[in-house]
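Structure first, then comments.
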Amino acid sequence: MAQNFTKYYKAQVTTAAHPLFEATTTDAIIGIRLTNITTSAVTVEVWVDVGGGGAAADVVYIAKDLSIPPKSSVELIQGGAKIVVEDDDILKIESSAATSIAAYVSVVDAISAAP
C-alpha cells in the first residue's frame, strides 16, 4: 500500500494559538521543524488538542516553553519517532513573539485502514 506524505507549514507563527494540522484519519506526524527567524531568543509551545475540543484536559504538549536561540532550528521528532494522531486531533503552535518562528510539519496520511 502506497503512503501519502503531506506537508503543512506556517511561515510566521504568532503569539496566538495556530492550528498547523488537523487529522481526518489515523495519521502519523513524522517531522516537526521549528526555526527562529529573528535575532532574539523566543519560546514556543507545540501541542496536540486530542479530539479538537479545546479542553485543557485534552491538551498533550510536545514542547512547552521551549527556548529557541536566534537564527536556530529545532527538530521535535527525531530518530524515526512518530506521533500518531486520529480523527479531529489538531496540532497547534504558539510563539512568545509575533512572526518569530517558521514551522514545518511532515505527515504520513491515512497510515491504516479503519477496522
Side-chain angles (χ1 to χ4, degrees):
M1 175 180 186
Q3 294 297 314
N4 295 322
F5 293 87
T6 306
K7 69 177 182 202
Y8 299 90
Y9 65 92
K10 176 80 173 158
Q12 295 182 340
V13 173
T14 66
T15 57
H18 176 78
L20 281 172
F21 159 70
E22 182 172 353
T24 57
T25 58
T26 300
D27 304 322
I29 301 170
I30 58 172
I32 302 173
R33 177 171 296 270
L34 307 175
T35 303
N36 180 346
I37 57 177
T38 71
T39 57
S40 301
V42 296
T43 58
V44 66
E45 296 184 353
V46 179
W47 67 94
V48 175
D49 179 354
V50 178
D58 297 325
V59 169
V60 179
Y61 283 94
I62 297 168
K64 176 90 170 131
D65 295 327
L66 175 66
S67 181
I68 303 177
K71 305 292 184 182
S72 297
S73 293
V74 174
E75 187 73 32
L76 295 182
I77 301 175
Q78 300 178 28
K82 296 159 193 65
I83 297 174
V84 175
V85 290
E86 297 179 339
D87 289 348
D88 301 323
D89 291 350
I90 304 171
L91 179 67
K92 295 184 176 182
I93 187 168
E94 184 175 329
S95 176
S96 63
T99 66
S100 59
I101 295 290
Y104 199 91
V105 178
S106 298
V107 174
V108 179
D109 188 35
I111 59 172
S112 62

Which atom of [X] lies closest to which atom of [Y], heavy atoms considered:
X   : Y   : answer
A16 : E94 : C-CG, 3.9 Å
N36 : A41 : ND2-CA, 3.9 Å
T38 : S40 : OG1-O, 2.9 Å
S67 : P69 : O-CD, 3.9 Å

For [X] and [Y], indicate whether the former's side chain and the latter's backbone hold a donor-acceptor pair under 3.5 Å.
X   : Y   : answer
D27 : V85 : no
S96 : T43 : yes
D87 : T25 : yes
D89 : V50 : no

Mind checking whether [X] and [Y] sit in one hydrophobic cluster, side chains of I, L, V, M, F, W, Y counted as touching below 4.5 Å?
X   : Y    : value
V44 : V105 : yes
L76 : W47  : no
I90 : V108 : no
V42 : I37  : no
V84 : V107 : no

Test side-chain contact (heavy atoms from CB on, under 4.5 Å) applied to D65 and E45, step by step: CA-CA 6 Å; D65 295 327; E45 296 184 353; 2.9 Å; yes
Derivation of the side-chain contact (heavy atoms from CB on, under 4.5 Å) call for I77 and I30: CA-CA 7 Å; I77 301 175; I30 58 172; 5.7 Å; no
Salt bridge (charged side-chain N to carboxylate O under 4.0 Å, His left out) partners of residues 96-106, not counting sequence neighbours, each pair once: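 Listed by first then second residue: nothing to list.
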Partner set under salt bridge (charged side-chain N to carboxylate O under 4.0 Å, His left out) for K92, not counting sequence neighbours: D49
Any residue meeting salt bridge (charged side-chain N to carboxylate O under 4.0 Å, His left out) with E75, in chain and number order, not counting sequence neighbours: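 In terms of salt bridge (charged side-chain N to carboxylate O under 4.0 Å, His left out), with neighbours along the sequence ignored, E75 is linked to R33.
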Between CD1 on residue I29 and CD1 on residue I62, distance to nearest 0.5 Å: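 The distance works out to 5.5 Å.
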Check against side-chain contact (heavy atoms from CB on, under 4.5 Å), L34 and I93: CA-CA 10 Å; L34 307 175; I93 187 168; 3.5 Å; yes
Aromatic ring pairing Y8/F21, orientation class (parallel under 30°, perpendicular over 60°, tilted between):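 Aromatic pair Y8/F21 classed tilted.
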Atom OH of Y61 with >12 non-hydrogen neighbours under 6.0 angstrom: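 Count over threshold, so yes.
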